[in-house]
Amino acid sequence: MKRNRLIILTAILIFATAGVFVFAGKFQIADDRFVSYRMDTKKQDIQLYWKDDKNVNFKSIQDLKMWLEKKKRKLVFAMNGGMYKQDNSPQGLFIENQRTQSPLDTSTGSGNFYLKPNGVFYITTDNIPVICSTENFTDNGKIKYATQSGPMLVIDGQIHPAFKQGSVNLNIRNGVGLLPGNKLIFAMSKKEINFYDFANYFKSIGCKNALYLDGFVSRTYLPEKNWIQTDGNFGVIIGVTADGL
């Protein structure tokens with residue numbers, strides 16, 4: 001009897017262990033097609049930047065990096081954070097330190113931004129990250145940072161209905177997704193990719209919601225992975241910093 005119990009317990013342990021590996025594999029974040037950065041907004045300092053304290057647009061990651069260094073802050077990660085107009089002002093909503101610098105855009109139009117549903121990526125004053133469709137966004141006064149873009153890549157665990165497998169609409173793309181446990185994943189394709197495959201990456205790693213940020217202009221600064229792009233001519237830039245240099 002004891003021997004039978006031991007065999008049963010061993011079998012259960014083997015299946016449970018196998019299940020853990022299958023689960024871990026299903027949500028494997030590493031993918032050579034992308035440069036990606038996973039972060040915890042509760043433990044790391046993330047901000048959305050547009051203008052410096054002299055009201056001058058940063059535009060490039062290099063300009064932001066140099067400005068932060070003067071303030072004894074080390075730039076750990078940076079990426080362009082949404083679409084922008086010809087004057088480098090944000091297209092759609094931009095909130096910085098609870099102040100709305102550019103209003104929510106609920107209109108219709110042409111181009112990726114208006115491929116509905118589009119959406120909003122924001123961080124609350126409690127440092128909780130949220131990605132939602134524009135139609136579901138509400139400013140309750142407790143939003144520290146927000147940027148609007150489009151289209152949504154993943155909505156409630158489903159790929160945007162307008163995306164087609166095998167599409168020949170290829171481009172460099174970057175975006176942000178919300179992982180289980182309220183962790184964020186930022187990703188940029190290393191080579192041109194279609195919308196469906198880009199969205200499927202976020203879905204495959206467990207993101208219930210993900211938002212497209214931009215296309216061929218996209219840049220990522222991630223020195224820990226030897227990915228250093230500091231040029232650009234952007235509107236909003238997403239930056240993660242650490243103390244000192």
Side-chain angles (χ1 to χ4, degrees), residues 34 36-37 39 41 46-50 57-59 61 64 77-96 100-124 129-139 143-156 158-163 169 171-179 184-189 193-196 198-203 207-220 232-240:
F34 309 99
S36 63
Y37 181 69
M39 69 154 304
T41 55
I46 180 173
Q47 296 185 38
L48 273 58
Y49 301 90
W50 177 30
N57 292 12
F58 286 109
K59 294 187 179 180
I61 293 175
L64 174 61
F77 163 81
M79 175 180 278
N80 50 297
M83 299 176 190
Y84 50 92
K85 301 174 184 177
Q86 287 187 344
D87 63 356
N88 296 87
S89 62
Q91 183 170 2
L93 180 70
F94 178 61
I95 295 175
E96 182 180 21
T100 300
Q101 308 283 6
S102 178
L104 189 72
D105 185 347
T106 59
S107 63
T108 58
S110 59
N112 290 330
F113 182 92
Y114 294 106
L115 184 56
K116 304 293 180 71
N118 53 12
V120 178
F121 160 53
Y122 67 91
I123 299 169
T124 71
V130 181
I131 298 172
C132 68
S133 64
T134 295
E135 63 182 8
N136 290 332
F137 174 78
T138 300
D139 185 357
I143 295 176
K144 185 160 55 172
Y145 294 102
T147 183
Q148 185 182 10
S149 192
M152 289 284 288
L153 296 169
V154 180
I155 312 108
D156 295 327
Q158 300 300 313
I159 293 174
H160 194 295
F163 300 165
N169 178 17
N171 223 324
I172 298 294
R173 305 185 190 279
N174 74 310
V176 56
L178 189 60
L179 292 165
L184 286 174
I185 178 80
F186 294 92
M188 184 184 78
S189 63
I193 191 170
N194 65 36
F195 265 127
Y196 186 93
F198 190 49
N200 193 49
Y201 167 69
F202 286 97
K203 180 183 176 182
C207 294
K208 291 207 70 174
N209 289 303
L211 179 66
Y212 180 65
L213 293 174
D214 215 332
F216 71 94
V217 301
S218 301
R219 297 290 187 273
T220 297
N233 186 26
F234 308 122
V236 176
I237 300 174
I238 299 166
V240 177

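This one's a predicted model, so the numbers in the text were calculated from it and none came from an experiment.
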Would you check if [X] and [Y] make a side-chain contact, meaning some heavy-atom pair closer than 4.5 Å?
X      : Y      : result
Leu104 : Val120 : yes
Gln91  : Tyr114 : yes
Met79  : Ile61  : no
Ile159 : Phe195 : no
Cys207 : Leu179 : yes
Trp50  : Ser89  : yes
Lys116 : Thr108 : yes
Thr124 : Lys144 : no

[atom1]/[X] to [atom2]/[Y] distance, rounded to the nearest 0.5 angstrom?
X      : Y      : atom1 : atom2 : result
Leu178 : Lys208 : CG    : NZ    : 10.0 Å
Asn174 : Ser149 : CG    : OG    : 8.0 Å
Asn118 : Phe113 : CG    : CZ    : 5.0 Å
Thr147 : Leu213 : OG1   : CG    : 7.0 Å
Ser133 : Leu211 : OG    : CG    : 10.5 Å
Ile46  : Met39  : CD1   : CE    : 4.5 Å

Side-chain ([X]) to main-chain ([Y]) donor-acceptor, under 3.5 angstrom:
X      : Y      : result
Asn80  : Ile237 : no
Ser102 : Phe94  : no
Gln148 : Leu93  : yes
Asn171 : Gly215 : no

Phe202 and Phe198 aromatic ring geometry - parallel, tilted or perpendicular at 30°/60° bounds: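 Rings of Phe198 and Phe202: perpendicular, as their planes differ by over 60°.
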Tyr145 versus Gln47, side-chain donor and acceptor atoms under 3.5 Å: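 Yes, Tyr145 and Gln47 have a side-chain donor paired with an acceptor closer than 3.5 Å.
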Donor + acceptor pair across side chains of Tyr84, Asp214 (<3.5 Å):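 Side chains of Tyr84 and Asp214: no pair found under 3.5 Å.
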Check: Tyr37 ring centre within less than 6.0 Å of Phe186 ring centre: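 Judged by ring-centre distance (under 6.0 Å), Tyr37 and Phe186 do not meet the cut-off.
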If I compare all heavy atoms of [X] with all of [Y], which pair ends up nearest, and what's the gap?
X      : Y      : result
Phe234 : Val217 : CE2-O, 3.2 Å
Leu48  : Glu96  : O-OE2, 3.8 Å
Ile123 : Thr41  : CD1-CG2, 4.4 Å
Arg173 : Ser218 : C-OG, 4.3 Å

